[in-house]
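So you know, we letter chains A, B, ... as the sequences are listed, proteins then strands, and number each from 1.
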Amino acid sequence: MLDLNRLRRDFDALKQRLEGRADPALLDEFVRADERRRAAVAEIEELKRQVNEISAQVARAKKAGEDAGDAIAKSKEIGQRAKALEEDVKSADDAQHDLATRIPNVPHESVPAGKDESANIETRRWGSPKEYSFVPQAHWDIGPRLGILDFERAAKITGSRFAVYMGAGAKLERALINFFLDVHTSEHGYTEVLPPFVANSNALMGTGQLPKFADDLFKLEGTDYWLIPTAEVPLTNLYADETLEGELPVKLTAYTPCFRSEAGSYGRDVRGIIRQHQFQKVELVKFAHPETSYEELESLTADAEDILQRLGLPYRKMTLSSGDMGFSAAKTYDLEVWLPGLGEYKEISSCSNFEDFQARRAKIRFRDNSGPKPKARLVHTLNGSGLAVGRTWVAILENYQQADGGVEIPVALRTYLNAERITPEGALV
RNA sequence: GGAGGAAUGGCCGAGUGGUUUAAGGCGGCGGUCUUGAAAACCGUUGUUGGGGAAACUCAACCGGGGGUUCGAAUCCCUCUUCCUCCGCCA
């Protein structure tokens, strides 16, 4: 949710920066709804003040044993006028709140303007794709051939866009989760959290998935519960309606499965496990001081990059354009890993600073003691994948495939798997 | 699933319809005293929104929502969470 005062003050400038992200009519409507609401609120508060005053008079009169019939009648009459006005306030309030939740965040000034991914900027490239003496295969060929990935049986259990990992495949997934969590907790200073994998509507409002993107989520029938599309939801909402008293930043990490309906992505990434209804992810979340949140975004992105580098996976870092960023983000870096089987770079992590956009919705504050008086201010929230486990699994199979059909295990993972490679028969040795 | 009980400021806790304009305590902050500190004493201390250059002022907030009333922390309805007990259960 945008800061209303900022919107009032800088209306034209913000409108320009939201070009391509928000319908300009929506912004006009928003400011008008706000004016209507403020006028109605001012009027009703004045009536309430009068009622309060008369009530005090009545109390005094009753105490003195006097008759207060006139005052009561007058207060009743004012009360009725206030009641009529209350409808106006409520409808203006609803309209304004409804609009507020549909306006996306304003891009940071360093974000390239553009209407889609074609305007994204490559900011860094790390490692270089290996040369292969054979034609590298895609993971959807390697995995089933090794007997460690099974789509047909997953379809029996659930349906399309689900996968079963078997044997070395399942163990590799688990090793990656442990490796990610160990690095982030022991070396990058994050606190591990194991949150619920189910969240309510209010939490999803807080992080911005609702109300606009309900179609992308799985809802549990007959309840107000949804399967989480990312650990960002439970982690960011962990401190909803709270004022953080300790030092900033607060850094959290969690492993969770993620569930996405992928409505509207029919025909995209249909092969393999690039785009699934369920995938595993280790998420990084920070609650940061507004003055340092962009430095925190750099270090959070570096924490995710560190994993890719330790695994020796070539990647590039993209700065997303204003049109390609998500609804709540002010700035986003995507990390894209090289997949030789597919012959392209594919997103494996998305790291964003939401500034106070989520904090305003979820009411997450911190105590700012820098001024003459301590004051509760909204924190800046950030998150990023550190990393998407399934896509890392894919990257390892494709980057480390061998001429004999087996897969080498990256050195950093060997102690986790107690093995150096997966044989062409799918065994860990 | 059943039966009871509870939810008040950063924390503890009083408050069953009208100077509650939320007592009192703890903690925090400032001060007096002291070489310094402690103790003692005095003062101060919530959030959100409106108006104002400011001093200040008005409104709302006692788990959430709704209602009764001239007036609600207090009465009624409803939801949520926690506690105790019973049942079931990994």
K.L.:
When you compare B:G9 with B:G5, how far apart are their P atoms, in angstrom units rounded to a whole number?
P.N.:
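Per the computed distance, 23 Å lies between those P atoms.
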K.L.:
Nearest to the side chain of A:Lys48, heavy atoms from C-beta on, is which of B:G18, B:C58, B:A60?
P.N.:
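Selected nucleotide (nearest to the side chain): B:A60.
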K.L.:
In whole angstroms, how far is the C1' atom of B:C62 from the CG atom of A:Asp241?
P.N.:
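My rounded result for the distance is 16 Å.
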K.L.:
Any base atoms under 4.0 Å from A:Lys62, or only sugar-phosphate, or nothing? Heavy atoms, all strands.
P.N.:
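The residue A:Lys62 makes base contact.
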K.L.:
Taking B:C61 as the reference, what is the distance to B:G65 when you measure between their P atoms (whole Å, please)?
P.N.:
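Rounded to whole Å, the distance is 9 Å.
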K.L.:
Closest-nucleotide mapping onto RNA chain B: is A:Ser75 or A:Arg60 further toward the 5' terminus? I mean the 5' end.
P.N.:
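Nearest nucleotide further toward 5': that of A:Arg60.
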K.L.:
For B:C70 and B:G64, measure between their P atoms and round to the nearest Å.
P.N.:
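Rounded to whole Å, the distance is 25 Å.
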K.L.:
A:Glu242 CD to B:G63 P: how many Å, rounded?
P.N.:
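That distance rounds to 18 Å.
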K.L.:
For B:C70, what is the paired nucleotide under Watson-Crick or G-U wobble rules, both distances under 3.5 Å?
P.N.:
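Its partner is B:G18 (Watson-Crick or G-U wobble, both distances under 3.5 Å).
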K.L.:
Taking atom C1' of B:C58 as reference, at what distance in whole Å does atom CD of A:Glu46 sit?
P.N.:
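Checked: the CD to C1' distance equals 9 Å.
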K.L.:
Could you tell me which nucleotide pairs with B:C61 by Watson-Crick or G-U wobble geometry, both distances under 3.5 Å, or answer none if nothing does?
P.N.:
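Looking at the geometry, B:C61 pairs with B:G46.
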K.L.:
Less than 4.0 angstrom from a charged side-chain N to a carboxylate O is my criterion; do A:Arg310 and A:Glu187 meet it?
P.N.:
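Yes, this pair counts.
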K.L.:
So does A:Asn52 get a side-chain nitrogen or oxygen closer than 4.0 Å to the phosphate oxygens (OP1/OP2) of B:A60?
P.N.:
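Yes, within the criterion.
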K.L.:
Between A:Asp28 and A:Arg32 (salt bridge meaning N to carboxylate O under 4.0 Å), is one present in this structure?
P.N.:
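Between A:Arg32 and A:Asp28 there is no salt bridge, as every charged N stays at least 4.0 Å from the carboxylate O atoms.
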K.L.:
Is the distance between the ring centroids of A:Tyr165 and A:Trp393 under 6.0 Å?
P.N.:
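Yes, ring centres under 6.0 Å apart.
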K.L.:
Does a side-chain N-to-carboxylate-O contact under 4.0 Å join A:Glu296 and A:Lys286?
P.N.:
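Between A:Lys286 and A:Glu296 there is a salt bridge, with a charged N closer than 4.0 Å to a carboxylate O.
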K.L.:
Just the rounded figure in Å: distance from P of B:U57 to CD of A:Gln50.
P.N.:
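Whole-Å distance recorded here is 19 Å.
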K.L.:
Under 4.0 Å between a Lys/Arg side-chain N and an Asp/Glu carboxylate O for A:Arg49 and A:Glu53?
P.N.:
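The answer is yes: the pair qualifies as a salt bridge.
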K.L.:
Give the rounded distance in Å between these two atoms: CZ of A:Arg377 and C1' of B:U47.
P.N.:
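Going from CZ in A:Arg377 over to C1' in B:U47 covers 16 Å.
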K.L.:
Reading RNA chain B from 5' onward, which residue's closest nucleotide shows up sooner: A:Ala56 or A:Arg365?
P.N.:
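First, find each residue's nearest nucleotide; the 5'-ward one identifies A:Ala56.
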K.L.:
Taking any strand in view, what nucleotide pairs with B:C41 in a Watson-Crick or G-U wobble way, both distances under 3.5 Å?
P.N.:
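Checking every strand shown, B:C41 finds its partner in B:G31, with both distances under 3.5 Å.
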K.L.:
Rounded to whole angstroms, how far apart are CD1 on A:Ile78 and P on B:G71?
P.N.:
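One finds 11 Å between P of B:G71 and CD1 of A:Ile78, rounded.
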K.L.:
Does any nucleotide pair with B:U84 by Watson-Crick or G-U wobble geometry, both distances under 3.5 Å, and what is it?
P.N.:
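B:A3 - that is the nucleotide pairing with B:U84, both distances being under 3.5 Å.
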K.L.:
Write down the distance between NZ (A:Lys363) and P (B:G49), rounded to a whole number of angstrom.
P.N.:
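So the NZ-P distance, A:Lys363 to B:G49, works out to 11 Å.
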K.L.:
Can you say whether the rings of A:His188 and A:Tyr190 are parallel (under 30°), tilted (30 to 60°) or perpendicular (over 60°)?
P.N.:
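If you compare the ring of A:His188 with that of A:Tyr190, the planes turn out perpendicular.
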K.L.:
Salt bridge check: are A:Lys74 and A:Asp70 linked by an N-O gap of less than 4.0 Å?
P.N.:
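Looking at A:Lys74 and A:Asp70, the cut-off is not met.
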K.L.:
What interatomic distance, in whole Å, is found between P of B:U84 and the corresponding atom of B:G30?
P.N.:
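So the two P atoms sit 42 Å from each other.
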K.L.:
In this structure, how many angstroms lie between the P atom of B:U69 and the NZ atom of A:Lys76, rounded?
P.N.:
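Answer to the nearest Å: 7 Å.
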K.L.:
When you compare B:A23 with B:G43, how far apart are their P atoms, in angstrom units rounded to a whole number?
P.N.:
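Between the two P atoms, the distance is 15 Å.
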K.L.:
What's the gap between B:C75 and B:G25 when it is taken at their C1' atoms, as a whole Å value?
P.N.:
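Approximately 30 Å lies between the C1' atom of B:C75 and that of B:G25.
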K.L.:
Would a line drawn from the ring center of A:Tyr239 to the ring center of A:Phe287 be shorter than 6.0 Å?
P.N.:
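So the answer is yes for these two rings.
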K.L.:
Look at A:Arg49 and B:U57 and indicate whether a side-chain polar atom (N or O) is within less than 4.0 Å of OP1 or OP2.
P.N.:
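No, outside the criterion.
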K.L.:
Taking the P atom of each, how far is B:C12 from B:C85, in whole Å?
P.N.:
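So the two P atoms sit 22 Å from each other.
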K.L.:
Which word best sums up how the rings of A:Phe213 and A:Phe327 line up, parallel for under 30°, tilted for 30 to 60°, or perpendicular for over 60°?
P.N.:
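Taking A:Phe327 first and then A:Phe213, their aromatic rings stand perpendicular (interplane angle over 60°).
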K.L.:
With a 3.5 angstrom cut-off on both distances, give the Watson-Crick or G-U wobble partner of B:A23, or none if there isn't one.
P.N.:
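Answer to the pairing question: none, since B:A23 forms no Watson-Crick or G-U pair.
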K.L.:
Determine the interatomic distance between P on B:G10 and the same-named atom on B:G2; round to the nearest Å.
P.N.:
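These two P atoms come out 36 Å apart once rounded.
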K.L.:
Which of residues 35-45 of chain A have a heavy atom under 4.0 Å from RNA chain B?
P.N.:
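A:Arg38, A:Glu45, in order of number.
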